[in-house]
Student: 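Below you'll find the structure I mean.
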Amino acid sequence: MRTHTLAVRGGSTLDPQTGAVSFPIYQTSTYTMPGAGTPRTFQGRSLGYARTENPTRTALETTLARLENAKYGIAFSSGLAAINSVLHLLKSGDHVIVSRDLYAGVFQQFTRLISGFGIEVDFVELTDLEALRAAIQPRTRMVWVETPSNPTLAITDIAEVAAIAKQQDMLTVVDSTFATPILQRPLEMGADVVVHSATKYINGHADVISGVVATNDSGLADEIRFVQDIAGAVPSPMDCFLVARGLQTLALRMERHSENALKLAMVLEANEHVARVRYPGLDSDPGHEVAKRQMTGFGGMVSFELKGPASDAILLLNNLNHFDLATSLGGVRSMICHPASMTHSSMTPEQRFDSGLPDGLIRMSVGLEDVEDLIEDLDQAIKQVYRRTTSYVHSPLVPSPAAARAASLKRL
Ligand SMILES: *Cc1c(COP(=O)(O)O)cnc(C)c1O
């Protein structure tokens, strides 16, 4: 089956009992057994207790796995629960190399959760393969890649990283949330595990918190499933139903997200008040060549900076009409955020500086509206900011640590 067909018809078999075309929500905590110790089975999985197995979840997992071209798909209660279960593959004494720029919650898992378990973490600029090679130690067990990264949209070459990792017997894990299995399939490029926040594009309607892990390795799948079960990081049947429903339009949505985002990125790039746009679909983007090789579309996320001081970002956000000012992404409605004061505010100014996140950066999740409305809205909002500000000083893309501290967002 091809991608669009898989997304629509996927693995969700019709309801075996009634033939209903919408897979039922098995809202149950447990299952009776026909005889002691002989549980019933569904799609090869035995139905003992609903934390371990649920048919609605299995139907979703089957579709997700097939979309990733993976043997195993595991649905979670959140993206961070999925990620945390994968991090349980690490043991005390291990060393892990992590993308420098990444989702702040993942950053916190590395810096505040697993660091307490005797695991050493190094944040490395993984777009620089020499930096990766230099960071490898005999104890390095895993490389954690987020591409495209959140929020600077840096593109890491998955095949190159996975090849280097394989030579050293390290696992490559890719957080592919921004790309979805429609635009990028890391397992086909040599990654061992792929994770997603399904809260974002996969569900796509901003009404569920959910996560996914996919892999072709049965040993890893068993270990991750065991952690999920025993840590209790399981999604509800209702959430699985909603994500499975969203999945049916994922391929179609990603096409339109990508189309709208490219147009918006081009308009912004041409705007005299915009200092820099990050979108892997732009010819000018440093990640463009790698993105063309490993993605079949460039997605719906665009980040940019205005030429004025970081506080102009806040002014702009407050002048928009068609973008929800909110912390999330990947839904049908366009959303906009200022990472330094919103999604990444849990990081210190120094940590943001180290991960290459400028205080003036604005991150957009371009939705499925008519792009002309979005373009007009951004245009009028930018004009309003610079009608007020008659002159401005150019702010460097990455402020010095001192400047980052000075621009501490409390002042904004
Ligand atoms: C949102 C997000 C996560 C965390 O997922 P939740 O579903 O919010 O737990 C992880 N990685 C990336 C890239 C994200 O955007």
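When a ligand or atom number is given, it counts from 1 through the structure's own listing order. By convention here, the first residue in the shown sequence is residue 1. All values reported here derive from a predicted model rather than from experimental measurement.
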Student: Can you produce the list of protein nitrogen or oxygen atoms under 3.5 Å from a nitrogen or oxygen of ligand 1, alongside each distance?
Tutor:
unit_1: ligand 1; atom_1: 5 (O); unit_2: S197; atom_2: OG; d: 3.0
unit_1: ligand 1; atom_1: 7 (O); unit_2: G79; atom_2: N; d: 2.9
unit_1: ligand 1; atom_1: 7 (O); unit_2: S197; atom_2: OG; d: 2.8
unit_1: ligand 1; atom_1: 7 (O); unit_2: T199; atom_2: OG1; d: 2.6
unit_1: ligand 1; atom_1: 9 (O); unit_2: G79; atom_2: N; d: 3.1
unit_1: ligand 1; atom_1: 9 (O); unit_2: L80; atom_2: N; d: 2.9
unit_1: ligand 1; atom_1: 11 (N); unit_2: D175; atom_2: OD2; d: 2.7
unit_1: ligand 1; atom_1: 15 (O); unit_2: K200; atom_2: NZ; d: 2.8

Student: Strictly below 4.0 Å, N to O, side chains only: are E125 and R100 in salt-bridge contact?
Tutor: yes

Student: Check E61 with R45, please: is the shortest side-chain N to carboxylate O separation under 4.0 Å?
Tutor: no

Student: side-chain hydrogen bond (donor to acceptor under 3.5 Å, both in side chains): which pairs involve residues 71-84, sequence neighbours left out?
Tutor: N84-Q109

Student: Which pair of heavy atoms, one from L129 and one from E160, lies closest together, and at what distance?
Tutor: CD1-CB, 3.5 Å

Student: So, does R51 use its side chain to make a donor-acceptor pair with the main chain of D229 at under 3.5 Å?
Tutor: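 Pair found, side chain donor or acceptor close to backbone of D229.
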
Student: Checking the side chain of R185 only, and the main-chain atoms of P181 only, is there a donor and an acceptor separated by less than 3.5 Å?
Tutor: yes

